Structures are given as C-alpha cells and as structure tokens.
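Heads up: the structure comes next, in structure tokens.
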Amino acid sequence: MTQSASAPQVLLGHHLKALRLPVFLREHAKVAAQCAADKADYPSFLLRLCELELIERERKGTERRIKQACFPSPKTLDGFDFTATPSLNKREVVELARCEWIDRRENIIFLGNPGTGKTHLSIGLGMAACQRGIAVRFFTAAGLVNALAEARSEKALVRLQARLAKVPLLIVDELGYVPFSKTGSELLFEILSQRYERGSMIVTSNLPFEEWTSVLGCERLTGALLDRLTHRVHILPIEEKSYRLKGRTKRGAKGEGEKGKERRS
Ligand code: ADP
Ligand code: MG
C-alpha cells in the first residue's frame, strides 16, 4: 500500500520548490535523520542543509559558466605538464589561477610557437576563473572577428559589443594565423578599446609583437592596440618547441598513431 504524504510535507515540497531550494527538498529527510542520530540541534540541521544547497549551487554555477565560455576543449592546469615547458614560470601560472589579476583588470599574453600549450593554458586559466564565479568567453581571433563582422551586417554589432564588454574575462586565441581585413582589424581594436581597464583578456599569439602588423595590417592601429593591451599585462613567452612534436620525436614512429588527432592550432 502506498502511503500518501501528509499535508505539511506536501506544502513543504511546494514552498521549497517556490524558494528554489532543490537540495533542501531532496535532502531534508535524510539530514533530519542524521541530525536526530547525532543529537544535533535545529540550527545545526539548518546549517547542514544550507551548506549542501550552497555546494550544489556553486557546482551548477561553475558548470553553467564553463558551458557559456565556449571552450573548444576541456583543458585544466592540472593536466598541464610544466616540466615540458621550463621557460614558463609554474609559480606565476599557479598564482594567476587565483584570478586576482582579473579583479585588477589586467591582461595576459601567451607568446610561443604552435603546439607549445598556449591554448591549453588559456583554457586552464579560463576554467579556474569559471570555478571562482567569474564569467568567461573564449574566441579564436578569427572567430571573434567573424562574429563581429556578421553582427555588423545584421546591425546587431552594438548589442554584441555590449555583451562582450560585460564579460570579465575575454580570451582571444590564435592571433597571428589569419591576417584580417581592414574592417576586421578595426572591429577587433574596438573590442580591445572598449575593454581597456574595464575587463581582462588573455591573448595568445605565435608571433612576436613586432610582427603583429602583418596580421592587423596597419602599423598605427597595431601600435594603439598593443598600447592598450600591454598597459597592465603579464607576458608569458613559451620558448620550447611544440609539445606534440617533442612527443612525436620521443615516441618515434609510434607517434604516427597520434596523427589522427593532429590539427593545426
Ligand atoms: P598552442 O595553442 O600553443 O598551439 P595547444 O595548447 O593547442 O598549443 O597544445 C597542443 C596540444 O598539446 C594540446 O592537446 C595540449 O593539451 C597539449 N599540450 C601542449 N603543451 C602541453 C603541456 N606542457 N602539458 C600537457 N599537454 C600539453
Ligand atoms: Mg592554440
């Protein structure tokens, strides 16, 4: 025989739903039984439930922020082998993962050859920010310029710019592979200008600063862009060879098995 829930229980269920406390709803009976067994008082019971609800909220928030960040793949700093990149100061990266630089509206620039872990590190730092409650948006430089150009043709540019200006951390990956049109460079410059001292950016490039003009076209615009970007910046050059190439050399012919996964990035 099924037992029907008592009126207070039904009401409690309704109220907890209305108050958006799903963990209270799911766990209250179990926690009450635990508290009874532990002879814990009412405030302790309430505290335990609140803690569980908060943990779940933080977990869901992080999950949502990671999804909204649009990372191309899930990479973490834990999965980064710092011994493979001695030119990179691990302590500095670990410190940056605390995200205080984002509170200070500073920027990070990773410079290095293809395959040296720039994208991995950017995602790792972006993930760390998501875990600390900071909203992040990841773009490749070409993807960002395309999105801006598309919005421009649909007269939605101002809205997109406003949305991007609000994101505390904007990641622009792979500046350097694709040269931009004059309009593309100007759109990118505008985003950087709008964020200047208002939000943080991570930019990665395979090109040293002297060569950024070859991507952005105009020397004056490149100068102005670098001026803003590097005003408060942590520049992290990675001087090693490609991690993938190194692996392949070590693995020798066996590295061929990895070929399918290879992609220029
Ligand atoms: P880049 O953006 O500099 O071209 P990626 O970050 O895309 O390089 O790295 C290429 C691949 O090698 C990725 O799968 C990345 O996870 C991996 N990788 C690069 N460096 C490291 C490292 N030091 N430890 C672990 N994985 C690495
Ligand atoms: Mg990359």
Side-chain angles (χ1 to χ4, degrees), residues 66-67 69-97 99 101 107-131 136-147 167 169-180 184 188 191-192 200-212 214-216 225-226 229-230 233-265:
I66 290 174
K67 205 163 159 218
C70 301
F71 296 122
S73 57
K75 302 273 179 188
T76 61
L77 292 179
D78 284 343
F80 193 80
D81 175 11
F82 283 90
T83 60
T85 51
S87 66
L88 196 67
N89 183 343
K90 180 179 176 182
R91 271 181 46 199
E92 187 178 4
V93 177
V94 170
E95 169 62 29
L96 291 169
C99 299
W101 62 283
N107 299 318
I108 294 180
I109 304 176
F110 286 110
L111 297 174
N113 285 325
T116 49
K118 302 181 298 297
T119 302
H120 187 138
L121 289 162
S122 310
I123 299 173
L125 287 174
M127 288 271 211
C130 290
Q131 276 155 6
V136 180
R137 185 68 171 83
F138 182 105
F139 283 98
T140 60
L144 177 59
V145 167
N146 278 345
V167 181
L169 173 58
L170 183 70
I171 302 178
V172 180
D173 194 27
E174 296 185 353
L175 190 92
Y177 289 119
V178 188
F180 301 124
L188 189 65
I191 289 292
L192 260 83
S200 291
M201 296 184 64
I202 298 178
V203 177
T204 81
S205 180
N206 59 317
L207 297 178
F209 293 139
E210 309 86 79
E211 291 176 36
W212 282 27
S214 67
V215 181
L216 297 163
L225 183 142
L226 275 173
L229 191 62
T230 58
V233 70
H234 304 262
I235 300 173
L236 286 91
I238 309 175
E239 273 140 26
E240 284 72 25
K241 279 198 226 141
S242 160
Y243 184 78
R244 290 173 290 208
L245 281 179
K246 273 199 278 194
R248 201 173 305 150
T249 318
K250 246 189 266 162
R251 288 190 300 266
K254 269 189 266 166
E256 290 303 298
E258 292 273 294
K259 262 260 152 91
K261 291 187 210 159
E262 293 288 315
R263 212 159 279 145
R264 254 185 87 82
S265 51

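Positions are given from 1 along the sequence. Bear in mind the structure is a predicted one, so any value in this text is a computation, not a measurement. Order of appearance sets the numbers: ligands from 1, and atoms from 1 within every ligand.
The ligand atoms of ligand 1 that sit less than 4.0 angstrom from a heavy atom of Pro114 are 4 (O). Close contacts of ligand 1 with Asp81, meaning ligand atoms under 4.0 Å from a residue heavy atom, involve 22 (C), 23 (N), 24 (N), 25 (C).
For ligand 1, one of its N or O atoms has an N or O atom of Thr116 under 3.5 Å away. Every N/O-N/O distance between Tyr177 and ligand 1 stays at or above 3.5 Å. For ligand 1, the polar-atom distance check finds an N/O of Gly117 within less than 3.5 Å of one of the ligand's N/O atoms.
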**OP:** Verify side chain to side chain donor-acceptor pair (under 3.5 Å) between Ser87 and Glu240, making sure each step is shown before the conclusion.
**Re:** CA-CA 7 Å; Ser87 66; Glu240 284 72 25; 2.7 Å; yes

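Formation of a donor-acceptor pair under 3.5 Å by the Asn206 side chain with backbone atoms of Pro114 is not found in this model. Of the possible polar contacts, none joining the Thr230 side chain to the Val233 backbone as a donor-acceptor pair under 3.5 Å is found. Between the side chain of Ser205 and the backbone N or O of Leu111, no donor-acceptor pair lies under 3.5 Å.
In this structure, CZ on Phe139 lies 14.0 Å from CD on Glu174, to the nearest 0.5 angstrom. A distance of 12.0 Å separates NZ of Lys118 from CD1 of Ile123, quoted to the nearest 0.5 Å.
Judged by the shortest distance from any of its heavy atoms, Asn113 lies inside the 4.0 Å radius around the atoms of ligand 1. In this structure, Gly115 has a heavy atom closer than 4.0 Å to ligand 1. At least one heavy atom of Gly79 sits less than 4.0 Å from an atom of ligand 1.
For the pair Leu121 and Thr85, the minimum side-chain heavy-atom distance is 4.5 Å or more. Put simply, the side chain of Leu96 reaches to within 4.5 Å of the side chain of Leu236, judged on heavy atoms.
Residue Lys75 touches ligand 1 through its side chain alone, judged by heavy-atom distances below 4.0 Å. Contacts of Tyr243 with ligand 1, taken as heavy-atom pairs under 4.0 Å, involve the side chain alone.
Metal site remark for the Mg ion (ligand 2): Thr204 contributes no N, O or S atom at a distance under 2.8 Å.
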